[in-house]
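Only heavy atoms go into these numbers, but all of them, side chains included; no hydrogens, no water, no symmetry mates. Sequence lines set the chain letters: A, B, ... in the order given, protein chains first and strands last, and positions in each chain run from 1.
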Amino acid sequence: QKEVEQNSGPLSVPEGAIASLNCTYSDRGSQSFFWYRQYSGKSPELIMFIYSNGDKEDGRFTAQLNKASQYVSLLIRDSQPSDSATYLCAVLANQAGTALIFGKGTTLSVSS
Amino acid sequence: GAVVSQHPSRVICKSGTSVKIECRSLDFQATTMFWYRQFPKQSLMLMATSNEGSKATYEQGVEKDKFLINHASLTLSTLTVTSAHPEDSSFYICSAWAEPNQPQHFGDGTRLSIL
């Protein structure tokens with residue numbers, strides 16, 4: 001059973017701080033990793049994706065991947081109240097184009 | 001680019017009714033679309049993979065006779081919840097990708113409430 005694990009939170013950070021969201025996955029053969037943001041009652045919105053070990057930066061967001069440790073993280077710098085949402089980690093298990101496996105999500109709350 | 005449109009956004013109906021949800025890729029062709037269901041405070045759970053021109057692949061525990069999927073063209077997949085009951089009330093979301101292994105794009109979801 002392929003699994004993606006996230007701490008459900010809530011993770012509370014003050015405005016302007018760095019929020020760190022973590023995710024582990026069970027399938028060592030996983031190839032692609034995605035972070036989605038989901039506001040309450042809305043569908044997921046893609047934030048970042050990463051395929052290679054290391055860091056990938058896009059604006060205030062940095063995704064970090066360590067395949068040896070089966071660990072992927074998302075850092076949000078200069079957190080804003082509008083970043084308050086549930087962040088879903090998703091893993092694409094193989095090259096065959098199967099669907100994403102989602103973690104349960106981490107709820108982030110940024111206080112002003 | 002890569003827009004996925006889902007319709008309707010909200011359905012409220014009586015128990016026993018069948019409900020059809022449409023998922024369209026507006027600016028790309030999608031040979032594969034995915035249907036997810038999300039209960040309150042839960043993550044997205046894959047229900048089925050919809051393949052253009054062939055039968056859908058259902059996940060374990062999902063009743064194929066209850067959740068009918070039709071992917072008749074490269075831009076449209078439909079999910080029909082047959083004889084819906086209150087326990088089928090959920091948020092149904094479809095997704096598709098423009099190219100394999102690229103990020104999936106999600107529709108806006110359909111909130112289904114069965115009375």
Side-chain angles (χ1 to χ4, degrees), chain A residues 1-10 21 23-25 27 29-52 56 58 61 63 72 74 85-109, chain B residues 1-10 21 23 30-52 54 56-62 69 77 89-113:
Chain A
Q1 181 78 6
K2 297 170 184 172
E3 295 182 346
V4 177
E5 299 287 343
Q6 292 181 259
N7 188 325
S8 62
L21 304 162
C23 173
T24 59
Y25 57 95
D27 184 2
S30 298
Q31 300 287 332
S32 308
F33 308 86
F34 306 86
W35 283 100
Y36 286 86
R37 176 174 62 196
Q38 187 176 27
Y39 293 110
S40 181
K42 302 295 184 182
S43 68
E45 170 193 9
L46 180 69
I47 299 296
M48 294 278 295
F49 60 93
I50 186 167
Y51 301 147
S52 304
K56 179 181 179 181
D58 184 1
F61 300 96
V72 58
L74 179 70
T86 296
Y87 289 80
L88 301 170
C89 173
V91 174
L92 188 64
N94 57 51
Q95 296 288 346
T98 54
L100 296 171
I101 301 171
F102 283 88
K104 291 186 177 181
T106 298
T107 300
L108 172 65
S109 177
Chain B
V3 175
V4 176
S5 173
Q6 191 172 338
H7 178 81
S9 58
R10 185 84 163 95
I21 303 170
C23 180
T31 56
T32 303
M33 292 183 175
F34 304 96
W35 287 97
Y36 295 85
R37 178 169 55 183
Q38 186 177 36
F39 292 106
K41 300 190 184 302
Q42 300 292 317
S43 190
L44 280 75
M45 296 300 296
L46 178 66
M47 298 177 65
T49 301
S50 172
N51 303 298
E52 188 268 337
S54 64
T57 303
Y58 290 82
E59 295 300 301
Q60 189 173 10
V62 178
I69 291 173
S77 175
S89 299
S90 188
F91 191 43
Y92 292 85
I93 312 172
C94 71
S95 72
W97 51 36
E99 297 180 17
N101 301 323
Q102 292 299 306
Q104 291 184 19
H105 300 276
F106 285 85
D108 288 337
T110 298
R111 188 159 302 282
L112 175 62
S113 299

Is it true that, when you exclude A:Lys104 itself, more than 12 heavy atoms of the residues, nucleotides or ligands shown sit nearer than 6.0 Å to its NZ?
no
Rounded distance (nearest 0.5 Å) linking atom CD1 of B:Ile93 with atom NZ of A:Lys42:
11.5 Å
Please classify the contact between B:Leu46 and chain A as side chain, backbone, both or neither, with a heavy-atom cut-off of under 4.5 Å.
side chain
Is chain B contacted by the side chain of A:Phe102, its backbone, both, or neither, given a heavy-atom distance below 4.5 Å?
both
Please lay out, stage by stage, how B:Phe34 and A:Leu100 fare under the test side-chain contact (heavy atoms from CB on, under 4.5 Å).
CA-CA 9 Å; B:Phe34 304 96; A:Leu100 296 171; over 6 Å; no
Which region of B:Gln38, side chain (C-beta onward) or backbone (N, CA, C, O), has a non-hydrogen atom less than 4.5 Å from a non-hydrogen atom of chain A, or is it both or neither?
side chain
Find the distance between OG (A:Ser43) and CZ (B:Arg111) and round it off to the nearest 0.5 Å.
10.5 Å
State which residues pass side chain to side chain donor-acceptor pair (under 3.5 Å) with B:Gln42; sequence neighbours excluded, sorted by chain then number.
none
For A:Thr107, give me all partners under side chain to side chain donor-acceptor pair (under 3.5 Å), at least two apart in sequence or on another chain.
A:Thr86
In Å, rounded to the nearest 0.5 Å, how long is the span from CZ of B:Phe91 to CD of A:Gln38?
6.5 Å
Please check this pair: side chain of B:Ser43 against backbone of A:Gly105, looking for a donor-acceptor N/O pair closer than 3.5 Å.
no
